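Heads up, the thing below is written out as structure tokens.
All values derive from a computational prediction rather than experimental measurement. No hydrogens, no waters, no symmetry mates; every other heavy atom, side chains included, goes into these values.
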Amino acid sequence: MAASANPSGGALPELTKRTPILGLKLYVLISVFLLILVAVVLLILLCIRRSRSSKKRKMRVKHSSGTIPLVSKEIVEVKALELKIEDGDVDPKSEIEESASVECPNIGWGRWYSLKELEIATDGFAEGNVIGEGGYGIVYRGILQDGSVVAVKNLLNNKGQAEKEFKVEVEAIGKVRHKNLVGLVGYCAEGAQRMLVYEYVDNGNLEQWLHGDVGPVSPLTWDIRMRIAVATAKGLAYLHEGLEPKVVHRDVKSSNILLDKKWNAKVSDFGLAKLLGSEKSYVTTRVMGTFGYVSPEYASTGMLNEGSDVYSFGILLMELITGRSPIDYSRPPGEMNLVDWFKGMVASRRGDGLVDPLIEIQPSPRSLKRALLVCLRCIDLDVIKRPKMGQIVHMLEADDFPFRTELRTTREKDNVPSQAAVSSKVPYPTRHVEPVDKSSWR
């Protein structure tokens, strides 16, 4: 028994022996090593947990916090009469509530996407995938699981809009189909998150190509610019005249005109003002507009109709012609406001000086004159005198657009006539243009 106790009894003296490391005993050194090992493992686990938590917070609240840069162009809220949408004998709300639920993701025209799907598609809404930012929200490039490329718009200022109500409005937008309108392919509504999934248009927007650093010669030739104008007019004409009830865009501007590699134009963000301000009729709603594009009557009274879009299109056409922004405080005092400078140049018969100097091949006098006349008609202060979008399509496309000389014979005593004086001398085509042949712009 004594012999059997010796081996076990000899183990303890080994542990109590001092080691060369700071003279520490062996069992103390082993204890310190184990503690350090446990601490390292816990630290690694804590870092992994924090990383995952931080990523989730970034995906969920990154762009709903106060860190979003303010968009200085956006104007303040105005009162507007909300247009009531009626779809005949069909109750859209009851129909959508059944077909667009979370449990049934396919909703006929598109599909419902989970927040997780869109997080994966956009790499957690990574900043590197941001392709656009404005008053309505932030747009990300995303790749879905089936490989298709989409644009995901994370809506801001939706104020927790009810999910069913959101689906009803999205259904109305999603059913709109036209080659010059950006297609809506689906949506996401989880908790307070509201997102729209659009087709991806792969060549940026018109604002980038007009005002970005494109070098000494713009790739947007005069012919390409006029094609963009016609395509935009056709898209708006469909919203105004091809749908029942009509849709007023409310925010026509160069950054909302998307371009593909062949310079085909598509109007985006139509219906979003209605979607994000979908309270009952005849109440104050948040109407988005952009300073410089908003028609005078809309800005002052909040009264909205398709004439407001026509005015904004006129500013957009001026932008295409001149390459200038609607408001540019870096220019001399007389040139800061595009409309005032534009009208003054036309009145003093210096139309050639309006053409963007980055256009290498100048337009023909006839083509330039046609575009200038259309601009002036669109920005007429009398809403009734502004042409319809279908008429604008006809005026821009017609080879035999009639011209009159009254524009050049403005009153000699006035260097810069009033808007009414200029507008009264810009004729509509003398031939009958109503009803418009809608097959030309569908």
Within a radius of less than 6.0 Å around CD1 of I361, do more than 12 heavy atoms belonging to other residues, nucleotides or ligands occur?
no

So does D202 have more than 12 non-hydrogen atoms from other groups sitting under 6.0 Å from CG?
yes

How about [X] and [Y]: do any of their side-chain heavy atoms sit closer than 4.5 Å?
X	Y	value
V176	L239	yes
L144	Y113	yes
F166	L196	yes
L368	L354	no
D356	R225	yes
K262	R227	no
K266	E199	yes
F291	I327	yes

To the nearest 0.5 Å, what is the distance between [atom1] on [X] and [atom2] on [Y]?
X	Y	atom1	atom2	result
L236	L181	CG	CG	7.5 Å
N180	L258	CG	CG	11.5 Å
M195	N154	CE	CG	4.0 Å
I143	Y200	CD1	OH	9.5 Å
K253	E207	NZ	CD	7.5 Å
I173	D269	CD1	CG	9.5 Å

Run the numbers on Y238 and K234 for side chain to side chain contact (heavy atoms under 4.5 Å, CB included), then give the verdict.
CA-CA 6 Å; Y238 181 73; K234 287 182 177 180; over 6 Å; no

By salt bridge (charged side-chain N to carboxylate O under 4.0 Å, His left out) - contacts of [X] (at least two apart):
X	value
E360	none
E306	K246, K388
R324	E335
D328	R331

Donor-acceptor contact below 3.5 Å, side chain [X] vs main chain [Y]:
X	Y	value
S268	N256	yes
R194	L155	no
Q193	L115	no

Compare every heavy atom of [Y] with every heavy atom of [X], then report the nearest pair and how far apart it is.
X	Y	value
G334	W341	O-CB, 3.8 Å
V214	Q208	CG1-O, 4.5 Å
R177	G183	NH1-CA, 4.3 Å
P296	L381	CG-CD2, 4.0 Å
Q391	P387	OE1-CA, 3.4 Å
V182	F270	O-CE2, 3.4 Å

For [X], give me all partners under side-chain hydrogen bond (donor to acceptor under 3.5 Å, both in side chains), at least two apart in sequence or on another chain.
X	answer
E117	R111, S114
N205	none
T122	none
D146	S148

If we count only N and O atoms by modelled type, under 3.5 Å, do the side chains of S348 and R350 hold a donor and an acceptor together?
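A donor-acceptor contact under 3.5 Å links the two side chains.
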
All N/O donor-acceptor pairs, side-chain side in residues 308-319, below 3.5 Å, sequence neighbours left out:
{"from": "S308", "atom 1": "OG", "to": "N305", "atom 2": "O", "distance (Å)": "3.4"}
{"from": "D309", "atom 1": "OD1", "to": "R250", "atom 2": "N", "distance (Å)": "3.0"}
{"from": "D309", "atom 1": "OD2", "to": "H240", "atom 2": "NE2", "distance (Å)": "2.9"}
{"from": "D309", "atom 1": "OD2", "to": "H249", "atom 2": "N", "distance (Å)": "2.7"}
{"from": "S312", "atom 1": "OG", "to": "Y293", "atom 2": "O", "distance (Å)": "2.8"}
{"from": "S312", "atom 1": "OG", "to": "S308", "atom 2": "O", "distance (Å)": "3.2"}
{"from": "E319", "atom 1": "OE1", "to": "Y293", "atom 2": "OH", "distance (Å)": "2.5"}
{"from": "E319", "atom 1": "OE2", "to": "H211", "atom 2": "NE2", "distance (Å)": "2.7"}
{"from": "E319", "atom 1": "OE2", "to": "S254", "atom 2": "OG", "distance (Å)": "3.0"}
{"from": "E319", "atom 1": "OE2", "to": "Y293", "atom 2": "OH", "distance (Å)": "3.1"}

Set of residues satisfying side chain to side chain contact (heavy atoms under 4.5 Å, CB included) with respect to D223, sequence neighbours excluded
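Expected list: T221.
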
By side chain to side chain contact (heavy atoms under 4.5 Å, CB included) - contacts of V139 (at least two apart):
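Side chain to side chain contact (heavy atoms under 4.5 Å, CB included) list for V139, sorted by chain: I131, A151, K153.
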
Pair I257-V267, side chain to side chain contact (heavy atoms under 4.5 Å, CB included): steps then yes or no:
CA-CA 5 Å; I257 310 302; V267 181; 4.0 Å; yes

Can you sort out the partners of W263 under ring-ring contact (aromatic ring centres under 6.0 Å, His included), two or more places apart, ordered by chain and number?
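Listed in chain order: W209.
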
Give a yes or no on whether a salt bridge exists between E171 and K167, defined as a side-chain N under 4.0 angstrom from a carboxylate O.
no

